[in-house]
J.: 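Got a structure for you, questions after.
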Amino acid sequence: MHLRIDDQEIDVPPGTTIKEAAKLAGIKIPGLCDHPELERYGGCRLCLVEVEGIRGYPSSCTMPVSEGMKVRTNTPALKSLRLNILEMLLSEHPCICLICERSGMCDEVREGMRKVPQTMGCRYCPKDGRCELQEAVTQIGLKKVELCRIGTEKEIIRSPFFDRDPNLCILCGRCVRACADRGVSAISFVFRGFDTVIGTAFEKPLEDVGCRFCGACVDVCPTGALVERANKWSGVAKRVVETICPYCSSNCQIGIEVKDDKILRTRPKGSKLCVRGRFGLEFVSNQRLTRPMILKGEGLVEAGWQEAMELVAERLGGYKGRRFAMLLSGVLTNEALRTAKKFSERVMNSRAVAEDTSSDFSLTEIIQGPLLAVGDLAETNPATELAIRHSKPVVISPFRTMLAKKASVWLRCRPGEEPQVLEAIAKASVQENTDALGDTVISAEEILKAAKLLGKASVVVGPDCNRAVRKAAENLVRVIGGKLCVVGRNCNSRGVAVLGLDQGYEETMQSLMSGEIAAAYIVGSNPARSDPELIESLSNLEFLVVQDLFLTETAKLADVILPAASFAEIEGTYTSSDGRMLQLMPALSAISKSDMQIISELCHKMKGRLPDDPASSRPEGTKTWTGKGQQSEDITSSGSFILVEGPCLFEFGSGTRTSRVRDLQYLNKDRYVDIHPRDAARHKISNGEPVSIQSRGRSIRGLARVSMSVPEGVMRICGRASRIASAEVRRDV
Amino acid sequence: MKKKAARDTTEDGAQEICKGLDLEEGATIPLLQRVQSRLGYISPEALREIAEAMGLSESEVYGIATFYSEFKLSKPGRHLIKICMGTSCYLGGGKKLLEHMSRELGIKPGRTTEDEKFSLETVACLGCCSKSPVMAVDGVIYGGLSPSSAESILAHLESEP
């Protein structure tokens, strides 16, 4: 479409707004409420333009271009309008610094000036230097504010990760739109007129209105109204390092803002981050191990690298073959995994395994076609869930998950029935017969409807699904001719699978439980926390080396602990689910050696003593390992409830890293037990009441959360992996 | 230690009110109106039910409810006191009257006393400007008030069971 803006002729595609077209022509129109990633709004009125033949001054951020349009963006009338509008905005916003004649000189005069309880002007504002209102004032050329100031002295609201200062809010509504875009809408405009604020229902704290703390609102806020609390007063970053989020397999691109060798904050770089990537990286500088530790006498004592490495090399030399096992994890880089694999196969004549896998699929491709999703992806892989949410998948889940709310068909089975439902879909899509449903709670019509939608569909299986579900999904994919997408748990799950390290985990665990394995080398995983039943076997080991960032529960059982460098300190690669190599960039100077470096040094040390023998004997298990994945099949309904442990956004994996992020820990401080309103009424349990659940001899305490998201007769607690057990419930008195 | 949250009849009430309604888009306001006419106000539980029924978030519904002064979000007291802030009453001492009553009851306008006995509200005009300043208690209009005469009206109500 052809149009003229000021004196420039330009061609743009239809549907473009005047403001976007002007930007393409190199003309900058001011504006505070529009944002390229958000729905058009037209609220701040700073982007007004004149269009020939149109009465008044339309807002250029909402008006689409039309053929032959003649736009003027900078007439005297527009300038004066913008000055007036901006002046009115500033009459409700602290602005003394913007119009101060000694602006910029105050740092020399008053050194401690930021120690004020309330932001009075830019130099007292955490957003100083990053504020779009400051930019707008410069761009529009406002020199004075003569309107009398309407001082509002509203309370600053603290929430996990960020502060909300309503006194700095200009009500542009970007945060409200960003929150709605994520499907949460925890915040909204509340009250009216001069009293309008961005708020929550009944002024409840954000964590009580379903906020997921993704920080999308903070990212789009043009002023200091929403600001990260960590490093709030540390100012502007010296540099931004683009790297990859180290949590789930969504592999979001992040920009780490660095100043003085410290992470100031994280910015999304073309990804929609969740709370972990956005706010959960402070573990990098929290409680880190810096020196190796060796078990001497009763306790672990710090030691030098030389001593520790010598000891590891010497002792491990005696356990080569099937008496040794190496446990890795999907948080390690490809380089570390490859070196570790080489070490265990060539040096130790054994093998390395990781409890992690991911199939090979491209998210951008699969969301084009029909989809079936199993598992609570919003809790495990939020960015993946957001991407597939828009293509309205068929969802199998007992719970009303974020995905289930947007599903085209929601097959709400009972917990544990997922494999059966998958099987039923497979049968229904071939023979249009629904016998396979058996006694599940899904109706025949629902299955037929789903089967009809799912020809050649991709089946997405979340990392919280057990082996039975994965197997059933595999069968279904074979029948409908689609693609199986097993979503990885960790950032480099795909790397683990590519190297074949996902094979044989169960057998290795069985050998460990049976005592066949006498020495182990555990890198980047914390089985003592994720599978407490392994603690005994681990402490019975003759020699245990643990390589980690922290003194984890597993590390406490070790004979030697080797400290490793975090993702933010090293170069390396992760493999994405579609096979791309994602480059990690060092943002901070390393506290320790990288995993790869440590293992290859060890290789070097031991190879001199041991022959390079590629033959490996595979250990065979005798005792059955009763880890997760197998337990989940025995649902017994002898108790009054089915108890399900579901994944939780605020706790990742075994929680080793997330427990070292203060506000994540705060959000995780209470264990919630989701219970259906009718069950709650029957047992006289009210919202927020402490309950204790008896299940298989153990007692679980938590706070009741009455919610329709769980079906009747089911209780859900957030925790690790989906284990199912029947439970008796009683109230705490 | 038992924390008993307010899960009384109101929630079931709200559920019941939502039940018979055609829940298409735009039904939020009629729903709020219906809940208010039934319960006298929009309780947090009712608001949650409405949000659930409409597929909105609680904050969104709260945003709608607070936009209209018609909706009350706290439980009204047994006696409703309206103090006129119209021009005539304002000039005739209405502002002083309001401040006094607010202090006496220990609540701001728009709130209800803790014992749920009195709610205090301001109105723009009660239509009897000649009697300024004017106060209406449960629909009965009292004019030409001074802080002390208004207080005695309250004292009379307060002595009731």
Side-chain angles (χ1 to χ4, degrees), chain A residues 171 173 175-177 179-180 182-193 195-206 208-212 217 400 402 404-406 670 675-678 680-691 701 703-709 731-733, chain B residues 1-19 23 25 28-29 31-32 35-36 39 41-75 108-112 122 124:
Chain A
L171 299 172
C175 52
V176 175
R177 279 172 284 150
C179 198
R182 296 287 176 105
V184 179
S185 287
I187 46 172
S188 171
F189 285 101
V190 299
F191 299 107
R192 179 178 178 170
D195 298 326
T196 310
V197 285
I198 306 291
T200 59
F202 296 99
E203 289 73 50
K204 284 195 260 189
L206 281 174
D208 293 348
V209 287
C211 176
R212 294 164 65 79
C217 54
R400 194 171 53 184
M402 301 280 284
K405 284 186 205 164
K406 301 282 170 189
D670 295 313
I675 181 169
H676 190 274
R678 267 193 288 269
R682 209 167 298 135
H683 290 264
K684 298 205 168 46
I685 294 169
S686 56
N687 206 6
E689 190 178 6
V691 290
R701 282 162 173 279
L703 299 179
R705 189 161 57 183
V706 179
S707 154
M708 298 275 277
S709 75
R731 283 189 303 147
D732 262 13
V733 188
Chain B
M1 192 197 85
K2 218 187 280 182
K3 203 167 68 186
K4 199 79 190 148
R7 275 182 61 83
D8 47 12
T9 48
T10 53
E11 182 155 341
D12 294 329
Q15 229 164 11
E16 192 198 306
I17 290 163
C18 294
K19 215 168 265 173
L23 296 172
E25 214 175 317
T28 313
I29 290 173
L31 213 47
L32 283 166
V35 168
Q36 176 148 311
L39 304 176
Y41 75 115
I42 315 286
S43 69
E45 292 79 17
L47 188 115
R48 198 169 64 193
E49 291 293 339
I50 293 171
E52 191 122 335
M54 295 302 303
L56 295 169
S57 78
E58 281 178 62
S59 297
E60 283 172 310
V61 178
Y62 187 71
I64 296 166
T66 53
F67 186 83
Y68 300 99
S69 54
E70 170 193 354
F71 295 120
K72 292 187 176 47
L73 290 140
S74 57
K75 199 172 181 179
K108 284 182 192 161
R111 297 292 163 96
T112 303
T122 59

J.: Specify the closest pair of heavy atoms between Ser185(A) and Glu60(B), including all atoms of both residues, with the distance to one decimal.
T.: OG-OE2, 3.2 Å
J.: At a heavy-atom separation under 4.5 Å, does Lys204(A) approach chain B through its side chain, its backbone, both, or neither?
T.: side chain
J.: Tell me, side chain or backbone of Val176(A) under 4.5 Å from chain B's heavy atoms, or both, or neither?
T.: neither
J.: Under the side chain to side chain donor-acceptor pair (under 3.5 Å) definition, can you give me all pairs with a residue in residues 64-74 of chain B, not counting sequence neighbours?
T.: Gln33(B)-Glu70(B)
J.: So which of Thr196(A), Asp195(A), Val209(A), Thr200(A) has the largest heavy-atom pair count under 4.5 angstrom toward chain B?
T.: Thr200(A)
J.: Classify the ring geometry of Phe191(A) against Tyr62(B): parallel below 30°, tilted from 30° to 60°, perpendicular beyond 60°.
T.: perpendicular
J.: Please report the interatomic distance CZ(Arg48(B)) to OG(Ser707(A)), rounded to the nearest 0.5 Å.
T.: 8.0 Å
J.: Over all heavy atoms of both residues, which pair between Val190(A) and Ser59(B) is shortest? Give the atoms and the distance, please.
T.: CG1-O, 4.5 Å
J.: Heavy-atom count around Arg111(B) CZ within 6.0 Å, excluding the residue itself: above 12?
T.: no
J.: Got Glu45(B) and Asn687(A) here, is their nearest side-chain heavy-atom distance under 4.5 Å?
T.: no
J.: Could you check whether atom NZ of Lys406(A) has more than 12 heavy atoms from other residues, nucleotides or ligands sitting under 6.0 Å from it?
T.: no
